[in-house]
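Here is the structure we will look at, set down as structure tokens.
Atoms within a ligand are numbered from 1 in the order they appear, just like the ligands themselves.
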Amino acid sequence: MASYPEVGLFIGGKWVSPPGASRFTTINPTDGTTVGSFVSGTPKDVDAAVTAAFTAYPAWKATPPPVRGEILLKVSQVLKQRKEQIARVVTQEMGKVIAEGRGDVQEAIDFVEYMAGEGRRLFGETVPSELRNKFCLTVRQPKGVVACITPWNFPTAIPNWKIAAALICGNTVVFKPASNTSMCATEVVTAYEAAGLPPGVLNLVTGPGGILGNALIDDPRVRAVSFTGGVDTGRTVNVRGAQDLKAVHLELGGKNPMIVMDDANLPLALEGLLFGAFGTAGQRCTATSRLILHEKVYDQFLGMLDRRVAGLRLGDPLDPKTDVGPVASADQQKKILEYIAIGRKEAKLRTGGNKLTGGAYDKGFFIEPTVFETPHGTRISKEEIFGPVLSVIKVPSYEEAVRVANDVEYGLSSSIYTSDVNRAFRAVEDLECGITYVNAPTIGAEVQLPFGGTKHTGTGGREAGSSAIEEFTEIKTVFVDFSNHLQKAQIDVGE
Ligand code: NAP
């Protein structure tokens with residue numbers, strides 16, 4: 001008998017393990033122990049999950065949005081009650097420190113609660129007609145069955161961002177989480193189950209992304225795909241979805257700059273940088289991966305940074321004194337170390353650069369917080385590394401800082417530290433990205449505001465806030481003519 005949970009797929013309101021199904025396990029990146037065992041789903045399982053979602057759709061669509069909202073409110077209450085337990089699962093399966101594990105779950109709670117309220121809004125518009133005795137308005141309708149495909153770095157927050165928004169709008173969902181955080185996904189789904197969501201409205205399929213992703217995208221009953229992950233996978237999803245003219249929403253990578261000007265409050269900028277660059281071991285899509293530093297404060301600020309980086313405590317993420325936990329997986333560790341090797345050749349390593357070995361570290365995936373000094377244009381200064389690796393780029397002016405900030409393929413988050421209010425507002429205009437922070441680091445999303453980016457960070461829409469409603473609804477335009485005779489737009493105007 002295994003000492004860890006053996007989890008099934010959640011289809012049509014039941015946890016099922018198809019006979020003969022193969023399984024995979026997830027592991028704790030701190031010590032390599034097994035967290036759980038999951039069904040390695042197949043296209044047949046995807047078919048069953050889509051069938052369940054398709055069957056549940058008419059009744060869920062017909063459920064008044066405020067009633068859907070009541071269920072979401074219960075979900076948020078269940079998540080609140082279970083917050084500490086789920087946070088520990090997040091930390092054990094993904095490796096972020098426990099304070100951030102709690103933050104991940106809190107973000108989920110906040111968003112589900114926020115979306116519950118949307119059940120009493122889902123606003124349309126009323127618009128004047130060019131004709132007499134005619135009323136024009138718009139209403140929102142769900143898209144149908146939607147697929148939500150999510151990454152591992154916010155393993156409870158991001159799934160809830162998608163699922164709660166999709167459900168409040170009246171869609172039904174097939175959820176495919178990142179394989180290595182399948183236990184976190186299970187915790188998410190059990191909260192919806194406990195809140196009394198009708199069978200089939202939310203379904204979970206676990207297993208290989210390529211196979212399940214393709215099956216979901218190819219199924220004509222799936223009308224929209226909401227995807228968060230890497231840019232290469234996102235491109236594949238988008239191209240495949242285009243074959244069936246599916247609505248595909250993409251939230252992809254980032255290479256987020258923090259500009260520190262010569263008039264910045266340096267101690268404040270330093271606190272922000274440490275949190276932005278090394279929080280979640282740099283594995284946030286909004287992580288501060290580039291410090292664009294004004295030459296006048298370059299040496300002083302880097303001296304301050306050296307001392308603080310040296311003091312960061314690496315270790316067990318469940319220990320509240322730990323600042324930086326392991327990276328999420330062996331694959332992540334390998335990829336980050338490859339980038340560090342590239343960095344050693346093309347830039348100057350200032351601090352860190354090693355994987356930690358010996359004793360307890362041997363079983364986990366630990367990498368030292370790493371700082372490179374580099375000219376703009378090197379691979380480490382332009383490509384997403386997604387780990388605790390910071391590139392520092394020296395600039396002589398605000399204009400050059402903005403040029404460097406914008407000269408990457410991504411456009412997710414950005415930040416500027418300055419005490420010049422005019423320059424701060426200029427930066428809000430000049431930085432080509434979806435999010436700009438002034439005198440705060442590149443991380444720190446709040447659920448009531450839109451979230452997303454420009455260029456290769458996505459396809460242009462936004463998640464969270466009321467923008468999430470745009471992603472998961474179709475607008476229907478309605479004309480009500482109460483004149484009792486045929487009125488012709490563009491022809492009878494003025495009569
Ligand atoms: P990933 O490798 O692209 O995987 C994301 C999801 O896609 C996983 O569920 C994965 O399943 C699935 N998948 C893999 N191949 C697929 C395919 N061919 N078709 C459909 N789905 C497929 O990304 P990740 O490593 O999990 O996440 C890190 C990336 O996410 C980073 O680039 C980060 O910047 C980005 N991210 C962006 C945001 C944002 O809001 N902009 C937020 C968080 C993260 P398996 O796990 O089974 O492979």
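Shown here are the side chain to side chain contact (heavy atoms under 4.5 Å, CB included) partners of E100, two or more places apart in sequence or in another chain: K96, V97, F275, T280, R284. Applying the salt bridge (charged side-chain N to carboxylate O under 4.0 Å, His left out) criterion to D110, with sequence neighbours excluded, gives no partner residue.
In this structure, N28 contributes its side chain and E93 its backbone to no donor-acceptor pair below 3.5 Å.
For ligand 1, the protein residues within 4.0 angstrom (heavy atoms only) are I149, T150, P151, W152, N153, I158, K176, P177, A178, S179, G207, P208, G209, G210, G213, F227, T228, G229, G230, T233, V237, E251, L252, G253, C285, E384, F386, L412, F451.
Taking the six-membered ring for Trp and the full ring otherwise, W161 and F451 have centroids separated by under 6.0 Å. A ring-centre distance under 6.0 Å is found for F386 and W152.
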Sequence neighbours excluded and cut-off under 3.5 Å, please list the side-chain donor-acceptor pairs for residues 198-211, or say none.
{"residue": "N203", "atom": "OD1", "partner": "G12", "partner atom": "N", "Å": "2.9"}
{"residue": "N203", "atom": "ND2", "partner": "V173", "partner atom": "O", "Å": "3.2"}
{"residue": "N203", "atom": "ND2", "partner": "G200", "partner atom": "O", "Å": "2.8"}
{"residue": "T206", "atom": "OG1", "partner": "V39", "partner atom": "O", "Å": "2.7"}

